[in-house]
Protein chains: 2
Amino acid sequence: MAQKGISRETVLRKAIELIERNGTAALSMRELAEALEIRTPSLYNHVKSMGELYADISRYAAEELRQAQLAAIKGKSRDEALGALASAYRRFAKEHTGLYKVTVSLSDLRDDASGQAAAAIAEPIFLALSKYGLDEEQMIHWQRILRSIIHGFLTQEEAGFFRHYPASVEVSYQMALRCFLSGLHAEIEGGQYEGQ
Amino acid sequence: MAQKGISRETVLRKAIELIERNGTAALSMRELAEALEIRTPSLYNHVKSMGELYADISRYAAEELRQAQLAAIKGKSRDEALGALASAYRRFAKEHTGLYKVTVSLSDLRDDASGQAAAAIAEPIFLALSKYGLDEEQMIHWQRILRSIIHGFLTQEEAGFFRHYPASVEVSYQMALRCFLSGLHAEIEGGQYEGQ
DNA sequence: TTATATAACTAACAGCGTTAGTCTGTCAAC
DNA sequence: GTTGACAGACTAACGCTGTTAGTTATATAA
């Protein structure tokens with residue numbers, strides 16, 4: 001019955017901790033309450049609903065991923081920056097599997113929150129692409145393409161799709177990035193993608 | 001109490017129907033039973049568990065996606081085949097959103113089933129890539145890269161990541177494919193990806 | 001006609017997120 | 001120092017989820 005010094009912050013931190021330790025599936029109101037040494041309904045004194053909590057976690061995760069990318073491209077430019085960004089992105093997904101999954105499942109967030117999170121994740125890529133002298137529309141296209149490659153790769157790697165074939169996953173990832181860079185350079189130099 | 005002519009087949013078909021109509025989230029044992037005009041526990045006379053049912057649906061969805069790809073590349077070769085495959089893949093994901101999502105979440109299947117499904121989806125890409133004269137390891141790499149692009153793109157499009165920026169999603173997709181093809185041709189002609 | 005297997009049923013359990021209503025410990029005001 | 005109010009804990013309960021056990025009725029084979 002005594003006040004236990006639990007706040008919205010505390011709950012959020014503990015939820016993140018549980019996700020980091022045991023994965024997304026292990027996060028339930030019951031587990032969360034137990035970890036905080038509280039009865040389940042008491043959580044609702046600090047958090048409106050599971051969905052809202054998830055939105056908070058998602059915001060946090062997006063910000064972490066953004067910071068990881070920003071740190072990676074800092075002081076670097078163009079191809080070097082993009083390479084570092086891609087590596088940092090993959091490292092983040094591997095080291096924070098649970099958080100990355102939350103980042104991915106933005107679909108069921110309210111539109112404003114989802115937009116914010118999406119922008120936070122996309123920003124570093126725009127930053128790195130800005131050194132190539134593309135116009136705004138082309139930047140959007142190439143940002144989408146790079147994110148597709150990176151995210152698609154990581155999703156499938158996580159899902160175990162790459163386990164069934166005997167070829168280095170790391171090499172595949174490097175090749176994918178070089179494929180992107182060669183396409184990007186072809187656009188800039190040859191302009192072969194224009195008029196579409 | 002009368003026998004109602006329900007079989008494992010019937011249940012599977014109805015489950016797929018529900019997913020197609022109302023999305024993955026709408027599939028529950030209760031809804032499924034109701035649609036079949038049966039009490040929920042009666043389902044267990046035909047299906048062992050929700051997980052097993054999901055595995056069956058997943059197998060079905062993977063086969064459908066495989067057929068869509070095979071039909072697309074039939075009679076075509078190389079770049080034309082890959083273009084058609086990519087378009088068919090996206091069309092499938094758009095027209096069968098629920099089924100495609102099931103296809104994606106193979107991760108929690110048993111390993112053998114997941115391997116089968118993954119192979120079914122990957123096969124058409126291998127088929128289309130086989131006309132480029134790549135060795136086996138390179139085929140695996142390029143298959144992974146193409147799947148990453150396609151799947152990553154579709155996942156993010158579905159999640160609404162592309163809604164926030166004013167540029168044609170269709171054009172982005174076409175550019176992504178051309179990016180892949182130019183990278184692939186650079187590999188074949190220049191051999192610039194060797195020795196990695 | 002009888003026996004057996006199939007497939008329906010009801011009742012129940014443990015888990016989930018969530019709400020309503022209650023009690024209590026802490027802090028501010030008089 | 002006593003009182004009042006609020007924050008934060010509680011218990012009890014609801015409807016949902018998947019699932020199991022045990023029972024009953026029907027259809028088919030002997």
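In what follows, chains carry the letters A, B, and so on, assigned in the order in which the sequence lines appear, proteins first and then strands, with residues in each chain numbered from 1.
Between the CG atom of B:L36 and the C1' atom of C:dA8 there is a distance of 13 Å, given to the nearest Å. Atom CD of A:E34 is separated from atom C1' of C:dG15 by 13 Å (rounded to the nearest Å). The CG-P distance, from A:L43 to D:dT11, rounds to 14 Å in whole Å. Nucleotide D:dT19 holds its P atom 12 Å from the CG atom of B:L32, rounded to whole Å. Across the protein-nucleic acid pair, B:I6 atom CD1 and C:dT6 atom C1' stand 13 Å apart, rounded to whole Å.
Put simply, B:S42 has a side-chain N or O that comes within less than 4.0 Å of OP1 or OP2 on C:dC9. Side-chain N/O atoms of A:R39 include one lying less than 4.0 angstrom from OP1 or OP2 on D:dT11.
Ring orientation note: the planes of A:Y100 and A:Y89 are nearly perpendicular, at an angle over 60° on the 30°/60° scale.
In this structure, a donor-acceptor pair under 3.5 Å is present between the side chains of B:Q156 and A:R147. In this structure, a donor-acceptor pair under 3.5 Å is present between the side chains of B:R144 and A:S172.
Residues A:L53 and A:L32 have side chains in contact (heavy-atom distance under 4.5 Å, counting atoms from C-beta outward). Between A:S87 and A:R91 the shortest side-chain heavy-atom distance falls below 4.5 Å.
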Extract from the structure each pairing of a protein N or O with an N or O of nucleotides 16-18 of chain C at less than 3.5 Å, listing the distance.
| from | atom 1 | to | atom 2 | distance (Å) |
| --- | --- | --- | --- | --- |
| C:dC16 | OP1 | A:S28 | OG | 3.3 |
| C:dC16 | OP2 | A:R30 | NE | 3.4 |
| C:dG17 | OP1 | A:M29 | N | 3.0 |
| C:dG17 | OP2 | A:M29 | N | 2.9 |
| C:dT18 | OP2 | A:Y44 | OH | 2.9 |
| C:dT18 | OP2 | A:M50 | N | 2.7 |
| C:dT18 | O5' | A:Y44 | OH | 3.2 |

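For B:H46, taking side-chain heavy atoms from C-beta onward, the closest of the listed nucleotides C:dC9, D:dG8, C:dA7 is C:dA7.
A salt bridge between A:K101 and A:E158 is present, with a side-chain N of the basic residue lying under 4.0 Å from a carboxylate O of the acidic one.
For A:N45 against D:dA9, a side-chain-to-base donor-acceptor contact under 3.5 Å is present.
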